[in-house]
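Here is the structure we will look at.
Heads up: numbering here begins at 1 and tracks the sequence.
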Amino acid sequence: MLEKVEVINMEKVMEEFESMTKDAEKVQRETLRRILEDNSSAEYLQNLGLNGRTDPESFKACVPLATHKDLEPFIYRILEGDDSPILTGKSITTMSLSSGTTQGKPKYIPWNDELFESTMQIYKTSFAFRNREFPIKNGKALNFIYGSKQFKTKGGLIATTATTNVFRNPSYKPTMKALQSQCCSPDEVIFGGDFFQSLYCHLLCGLIFREEVQLVSSTFAHSIVHAFRAFEQVWEELCNDIREGVLTSRVTVPSIRTAMSKLLKPNPELANVIHKKCSGLSNWYGLIPELFPNAKYIYGIMTGSMEPYLEKLRHYAGVVPLLTADYGASEGWIAANVNPKLPPELATYAVLPQIAYFEFIPLSQLENEDTFSCVDPHPVGLTEVKIGEEYEIVMTTFSGLYRYRLGDVVKVMEFHNSTPELKFIRRSTLLLNINIDKNTEKDLQLAVEAAAKLLVLEKLEVVEFTSHVDLSTEPGHYVIFWEISGEASGRVLSECCNCLDRSFIDAGYTSSRKVNAIGALELRVVRKGTFQKILDHYLGLGTAVSQYKTPRCVGPTHNTVLQILSENVVNRFFSSAFN
């Protein structure tokens, strides 16, 4: 049993990875065989005429590509309590919820023990490579993780977020201990149920164990930045709690108060050290190494929609390196970061060929289509992808997803043995589109970064942003919402607005703007705390902070979010860039 193992043999983990990736095609065929044999009694597969065949050729000929929408009728039957083998051979008893920030509502995704095992496989693999470059000894992790509430569906299934399903598994804590990455906060803090109170106590636990903290982490970079922004507001209160040995009255959850009372003892010396360090910082630069002198690195998913937080995270990190975590989704894991020395912007992920069966749709087949409307895409296998090409990922998992279009676009950067190393590029769905324009989340991010540089002279920054396509006017136009760290002059914000408009360099956009087929871009500045209200809204829907991603485009399915934004607009500007 894992509980009896003090430390996982990292050399063995790396050897296994090398062995699996030497002949990835063979491992993929074996993985597909296992998935199809384990689930041969599943109604979904039986209706497709495989008749016991498990080879990739028969599988691709019989089983169609699918989206979540295609699987929803089957998933809803499971949610209603139908325990017959519908998508998997064994009954599904637990569902994961996606964050819901992309589509406006969470998706239900089957969860089983095999998904947990693949999660631990990814964790072990990336830790082995990470620990070779950045060794940590038996210390603690300041891990900003938050469990969300579990609930029962109409049919009696347990449903919660994918991250909570991981955190609640009995093998999670022993594995983290074996990986020398044990969270310094007690379970009562992780599962406390109140985000602010849990966050406050995570910070407090980190400070109590500050000499033992060897890494600072969270699922997403956003959560780490959010935590230290909060620290700026409450640091004196934290110092006071440590000095007096009494938890602030603002923490009211009884289980959290009981757990923290066992850790918190009067320590004026520690309080004075922290107070002195915080008072001596310039604009909080290098906060993390000042608070946690033995922290070796900061760890979390830092690619894709998390890239906008890297600048602020580096500000807090000072000299401490940023290491991006692995590549996966609520539907399942894909690849591990085996090159941890690369900065997040250059990170690549090596696909583990044994955790799912993977196919890749060449983006060239989808270029002139809205991605999901391409009539008959022809995916290629894991070992057939080409360096430099972009693909949409298709995965077949042990948890009942078959030829599932994940909706992620990746670029093949190189190969590790015979498995590809991928760079995440973007979500495949278009973000902003009115006429012949096609702008993605990455395009939006680059435009915001370019315009935000104009705020630097005023010592301001964009705290958060999102976008919206406003079709209530004729012609329609892009709306960009900004929350800024302070007051900016109208002149500067007007320049920012023009810069945003010019920074969308997609040919369809610029040509449409020149002939007024798309109207002038609008910048709406919202008051401080607006994006916190959006986060609170999603928490109320059951999203875990650990999975939360700020929606980068607020569409028709995000009515409440659009209402929150609209009610908090304090200034608006229209671009004159194409006048």
Worksheet item: Are a donor atom and an acceptor atom from the side chains of S255 and E188 found within less than 3.5 Å of each other?
Response: no
Discussion item. I'd like to know whether the aromatic ring centres of F144 and H226 sit less than 6.0 Å apart in this structure.
Written reply: no
Response to the item:
For N131 and I136 the tightest heavy-atom approach is OD1-N, 2.9 Å
Discussion item. Any side-chain to backbone donor/acceptor pair from H202 onto V189? Under 3.5 Å, distance only.
Written reply: no
Practice prompt. Could you grab the distance from atom CE of M10 to atom CZ of R132, nearest 0.5 Å is fine?
Written response: 12.5 Å
Practice prompt. For the pair D55 and R29, find out whether any cationic side-chain nitrogen is under 4.0 Å from an anionic carboxylate oxygen.
Written response: no
Worksheet item: Per the side chain to side chain donor-acceptor pair (under 3.5 Å) rule, which among T324, N339, N337, D326 passes with Y349?
Response: T324
Practice prompt. Assess R552 against F465: is NZ or CZ under 6.0 Å from the centre of the six-membered ring, and within 45 degrees of the ring's axis?
Written response: yes
Worksheet entry | Given L45, I92, I78, N39, the one that forms side chain to side chain contact (heavy atoms under 4.5 Å, CB included) with L87 | I78
Fill in: Modelled atom types, side-chain donor and acceptor of R130 and Y299, under 3.5 Å
yes
Response to the item:
So CD of Q28 and CG of D23: to nearest 0.5 Å the spacing works out to 11.0 Å
Practice prompt. Would you check if the side chain of T397 reaches a backbone N or O of S399 as a donor-acceptor pair within less than 3.5 Å?
Written response: yes
Worksheet item: If we ignore angles and hydrogens, is there a donor and acceptor under 3.5 Å between the side chains of N143 and S217?
Response: yes
Worksheet entry | Side-chain ion pair, K411 and E390, N-O less than 4.0 Å | no
Worksheet item: Is the shortest side-chain N to carboxylate O distance from E359 to R403 below 4.0 Å?
Response: yes
Worksheet item: In Å and rounded to the nearest 0.5 Å, what is the OG to CE distance from S19 to M14?
Response: 14.5 Å
Item to complete: Look at R33 together with E30 and state whether they make a salt bridge at an N to O cut-off of under 4.0 Å.
Response: yes
Discussion item. Testing the 3.5 Å rule here: is there a donor-acceptor pair between the side chains of D83 and S91?
Written reply: no
Discussion item. Donor-acceptor check, side chain of N112 to backbone of L115, threshold 3.5 angstrom: yes or no?
Written reply: yes
Worksheet item: Does Y146 have its ring centroid less than 6.0 Å away from the ring centroid of F195?
Response: yes
Practice prompt. Would you please indicate if the ring centroids of Y44 and Y402 are separated by under 6.0 Å?
Written response: yes
Discussion item. Under a 3.5 Å distance rule, please check whether S418 uses its side chain to pair with a backbone N or O of A24 as donor and acceptor.
Written reply: yes
Item to complete: Would you check if I298 and L323 make a side-chain contact, meaning some heavy-atom pair closer than 4.5 Å?
Response: no
Fill in: Spacing of S330 atom OG and K107 atom NZ [to the nearest 0.5 Å]
7.5 Å
Worksheet item: Any side-chain donor paired with an acceptor under 3.5 Å for Q354 and T31?
Response: no
Worksheet entry | Pairwise side-chain contact, L565 with I534, heavy-atom cut-off 4.5 Å (strictly under) | yes
Item to complete: Examine distances only and state if a side-chain atom of R77 and a backbone atom of F74 form a donor-acceptor pair shorter than 3.5 Å.
Response: no
Worksheet item: Distance from H537 atom NE2 to I564 atom CD1, nearest 0.5 Å?
Response: 6.0 Å
Worksheet item: Just by distance, do the side chain of N417 and the backbone of T419 share a donor-acceptor pair under 3.5 Å?
Response: no
Worksheet item: Would you say V409 and Y391 make side-chain contact, with heavy atoms under 4.5 Å?
Response: no
Item to complete: Anything under 30° is parallel, anything over 60° is perpendicular, the rest tilted; go ahead and classify F17 against F129.
Response: perpendicular
Worksheet item: Can the ring centroids of F220 and Y309 be said to lie less than 6.0 angstrom from one another?
Response: no
Worksheet item: Have D536 and Q532 got a donor and an acceptor in their side chains that come within less than 3.5 Å?
Response: yes
Worksheet item: Quick one: CG on L65 to OH on Y404, what's the gap to the nearest 0.5 Å?
Response: 13.0 Å
